[in-house]
Protein chains: 2
Amino acid sequence: MNWKERFPQFEPGLIELIEKEAVQRSFNAGDVIMRTGQYIKSTALVLEGRVKIYRESQDGGEFLMYYLLPGQACAVSMICAIQTHTSEVMAVAEEDSEVLMIPVHLMDDMMNQYKTWYQFVIQTYRNRFDELLSVVDNIAFRNMDERLEFYLKRYAEKTGKKSMDISHQQIADDLNSSREVISRLLKKMEQRNLVKLHRNMIELI
Amino acid sequence: MNWKERFPQFEPGLIELIEKEAVQRSFNAGDVIMRTGQYIKSTALVLEGRVKIYRESQDGGEFLMYYLLPGQACAVSMICAIQTHTSEVMAVAEEDSEVLMIPVHLMDDMMNQYKTWYQFVIQTYRNRFDELLSVVDNIAFRNMDERLEFYLKRYAEKTGKKSMDISHQQIADDLNSSREVISRLLKKMEQRNLVKLHRNMIELI
DNA sequence: TGAGCCCTGTGATTTCTGTCACCCCGGGAG
DNA sequence: CTCCCGGGGTGACAGAAATCACAGGGCTCA
């Protein structure tokens, strides 16, 4: 699929520029696209697949913030890009993914010259900010059982599937919890007839 | 103090427009500037004082996100403004404050016509996003004792004072915790010689 | 076929936090 | 001055979650 179809709103001049300067890269499921502390050289637009953005703590903990789907971009990479910062988050391909990498040194001009670009950037900030807000809500106000339900619901939404191929351990990592806790809570959900548990797979009901 | 001195970066045309269309309002300490669920009619720029932005849960819990100081603006009000949404956060004056209210229907044109304005908006998004990230870090990875230390440090930074006039109950509210827990943790901090406790006042060391 | 690994279930224990109960103290209102 | 109220200290307890320990089952690979 041609990348332009993912971003039909972009104006011709912008498309030309991207065509000339950006690089399209493929990642396999599990590949790290951007690492915490890494110097950012490009802004990433997702074309295909699914990218997971999460935060890392000093002592090895992880915490999932949100997913990027085709047509979306990483707000953090834009933020850091403009300031020539290092990344504050990890980006990992959760499925095989196609990503368009736009060199950061172009950002300033693109913002100035292409209205459709800065609209896209603003839109991106807004969406990520909103998602971050709901994430804050969850960890600030909710117990693990409710957070788990939210997690599963969101996962199903993003993948569009009712059955998710994921282990309890992975969920625990994403929620910065532990496997046993997740297992127990899932068991309870199964008893409430909300899910059906299988090996490496959870079915939503 | 004239509001223009708070925003020296704004270009002449923008200043004129704001002069003509915006309204300056005064709030006393404790006044609610924006309520959760309220329809947003203006974007707020802080001129004087200190404004607290926090999230509310359905069941009465609060959770402090960050402070706005003079020269800063509420990213959330911009987000909602552009989409003509309702507010997702509370904004309360923590000190007597002066706020410039810019009607939301102007936002689109301002973004298009005034470069200094959209730079300001982008900057605002970036800063708030960054703050939100560090907030997420704290609640996701840290225990209450570390969150408390972070809270006190930030409070001292924002006010520029080493002694803060605040009750344990207020801190507990901001952290969505309870008074007893905060009291105990503060006691421990006092034993570690990090603070000195007084009635309605905490001294940082 | 057997070894090793990962996934899952489950009990026991511990730590952290929230909640309840009750205390004292200081300061302002009457 | 006394009363009352909000601020703060503290113990006891409850519940959530993390941690430890261990067992069984399935899958892969030699």
Task: Rounded distance in Å - CD1 (A:Ile202) to P (C:dG9) - done: 9 Å

Open item on the list: Regarding A:Lys161 and A:Glu95, does a basic nitrogen lie under 4.0 Å from an acidic carboxylate oxygen?
Closed with: no

Open item on the list: Can you see if the side chain of A:Ser183 gets near the phosphate of C:dT8 - specifically, an N or O under 4.0 Å from OP1 or OP2?
Closed with: no

Open item on the list: Using heavy-atom distances to pick each residue's nearest nucleotide on DNA chain D, tell me which of A:Arg199 and A:Leu185 is more 5'.
Closed with: A:Leu185

Open item on the list: Rounded to whole Å, how long is the line connecting atom CZ of A:Arg147 with atom P of D:dA17?
Closed with: 8 Å

- [ ] Calculate the interatomic distance between A:Asp165 atom CG and C:dC7 atom P; express it in whole Å.
- [x] 13 Å

Task: Given C:dT19, D:dG9, D:dG7, the nucleotide with the shortest approach to the side chain of B:Asn200 - done: D:dG7

- [ ] Measure from CG on A:Leu186 to C1' on C:dC7 and round the result to the nearest Å.
- [x] 13 Å

Task: Presence of A:Lys187 side-chain N/O under 4.0 Å of C:dT8 phosphate oxygens OP1/OP2 - done: no

- [ ] Find the distance A:Met189:CE to C:dG9:P and express it as a whole number of Å.
- [x] 13 Å

Task: A:Arg184 CZ - C:dG9 P separation (whole Å) - done: 11 Å

TODO: Tell me which nucleotide among D:dT10, D:dA18, D:dA17 gets nearest to the side chain of B:Glu180.
DONE: D:dT10

Task: Atom pair distance, as rounded to whole Å: CG in A:Asp173 and P in C:dC7 - done: 10 Å

- [ ] Considering just the side-chain nitrogens and oxygens of A:Ser177, establish if one lies under 4.0 Å of OP1 or OP2 belonging to D:dA18.
- [x] yes

Open item on the list: Using whole Å, what does the distance between atom C1' of nucleotide D:dC20 and atom CZ of A:Arg179 come to?
Closed with: 11 Å

TODO: May I ask you to decide if B:Phe10's main-chain N or O and B:Tyr114's side chain share a donor-acceptor pair within less than 3.5 Å?
DONE: no

Open item on the list: Side chain of B:Ser167, heavy atoms from C-beta onward: which of C:dT17, D:dG7, D:dA16 has the nearest atom to it?
Closed with: D:dG7

- [ ] From the options D:dA16, D:dA21, D:dA18, select the nucleotide whose nearest atom is closest to the side chain of A:Asn143.
- [x] D:dA16

- [ ] Assign A:Ser178 to base, sugar-phosphate, or nothing according to its heavy-atom contacts below 4.0 angstrom with the strands shown.
- [x] base

- [ ] Determine yes or no for a side-chain-to-main-chain donor-acceptor pair under 3.5 angstrom, with A:Ser177 supplying the side chain and A:Ala172 the backbone.
- [x] no

Task: Residue from A:Arg192, A:Lys188, A:Arg142 passing salt bridge (Lys or Arg N to Asp or Glu O under 4.0 Å) with A:Glu149 - done: A:Arg192

Open item on the list: Can you tell me if B:His198 touches the phosphate of D:dG8, counting only side-chain N or O atoms and a distance under 4.0 Å to OP1 or OP2?
Closed with: no

- [ ] Carefully, step by step, assess B:Asp130 and B:Arg126 under the rule side chain to side chain contact (heavy atoms under 4.5 Å, CB included).
- [x] CA-CA 6 Å; B:Asp130 269 355; B:Arg126 258 195 283 163; 5.7 Å; no

